[in-house]
Amino acid sequence: MAICGNVETYVTAQVIYWVGYNGMDYVLHIFLSDTTDLVNRSFVYGMASTPYVVTTFAGPAAAQLMYEIGGLWWGFGIFVVLTPLVTAPFLWLLWTSLRKAYTEGLIRKAHSRRTWARSVKHYFIEFDSRNSALT
């Protein structure tokens with residue numbers, strides 16, 4: 001987003017950013033909802049939100065440090081390295097839980113007759129808010 005040459009590129013970058021950000025937040029909340037009791041859920045949600053408090057104070061200091069030692073590219077590089085490292089344990093947990101559920105027979109693989117392109121079209125239509133039963 002920082003080096004976009006026109007409005008179209010900036011809008012595309014914003015869409016990609018917010019889809020990823022909200023997607024990670026959605027997965028985290030689904031995971032927390034599935035793994036906690038209702039009594040403890042608000043506490044766990046609060047704990048999951050503490051990084052937002054930390055980044056409020058640490059973010060400007062980190063940005064200043066990145067600016068002083070070499071500019072914007074160091075910030076991007078650190079983000080590219082840290083994001084997979086931080087999310088790897090969570091992804092490993094989800095992957096092993098899925099394998100365990102398959103081996104115990106709790107879930108079965110669904111076989112669809114749709115092609116990949118038809119599946120993409122189906123889910124775009126399925127998740128479109130204008131076609132939702134709630135609107």
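Just so you know, these numbers come straight off a predicted model, no measurement behind them.
Note that the OG atom of Ser49 and the CG atom of Leu28 stand 8.0 Å from one another [nearest 0.5 Å]. Between His29 atom NE2 and Leu32 atom CG the span is 6.5 Å, to the nearest 0.5 Å. To the nearest 0.5 Å, the span separating OG1 on Thr87 from CE on Met24 amounts to 6.5 Å. One distance of note links NE2 of His122 with OG1 of Thr115; it measures 12.0 Å at 0.5 Å rounding. Here the CD1-OH distance, from Ile125 to Tyr123, works out to 12.5 Å after rounding to the nearest 0.5 Å. Going from atom CZ of Phe43 over to atom OG1 of Thr36 covers 11.0 Å, rounded to the nearest 0.5 Å.
Between Pro60 and Thr55 the shortest heavy-atom distance is CD-O, 3.9 Å.
Within a 6.0 Å radius of OH in Tyr45, other residues, nucleotides and ligands contribute more than 12 heavy atoms. For Met1, the CE atom sits in a packed shell: over 12 heavy atoms of surrounding residues, nucleotides or ligands are nearer than 6.0 Å. The neighbour count for Tyr10 OH, taken as heavy atoms of other residues, nucleotides or ligands under 6.0 Å away, does not exceed 12. Around atom CZ of Arg118, no more than 12 heavy atoms belonging to other residues, nucleotides or ligands sit under 6.0 Å away.
In the hydrophobic clustering of ILVMFWY residues, with side-chain heavy atoms under 4.5 Å counting as a link, Leu82 and Met66 come out together. Linking ILVMFWY residues whenever their side-chain heavy atoms come closer than 4.5 Å, directly or via other members, places Val44 and Leu94 in the same cluster. Criterion: ILVMFWY side-chain heavy atoms under 4.5 Å apart, direct or through other members. Under it, Trp116 and Phe124 are part of a common hydrophobic cluster. At a threshold of 4.5 Å between side-chain heavy atoms, the hydrophobic network of Ile, Leu, Val, Met, Phe, Trp and Tyr places Trp74 and Leu65 in one connected group.
Looking only at side-chain heavy atoms (C-beta outward), Ile3 and Thr9 stay at 4.5 Å or farther from each other. Using a 4.5 Å cut-off on side-chain heavy atoms (C-beta onward), Ser97 and Leu93 make contact.
Aromatic ring orientation, Tyr17 versus Tyr21: parallel (interplanar angle below 30°, classes split at 30° and 60°).
Of the possible donor and acceptor atoms, one in the side chain of Thr56 sits under 3.5 Å from a partner among the backbone N and O of Tyr52.
Scored by the side-chain hydrogen bond (donor to acceptor under 3.5 Å, both in side chains) test, Thr35 finds no partners at all (sequence neighbours excluded).
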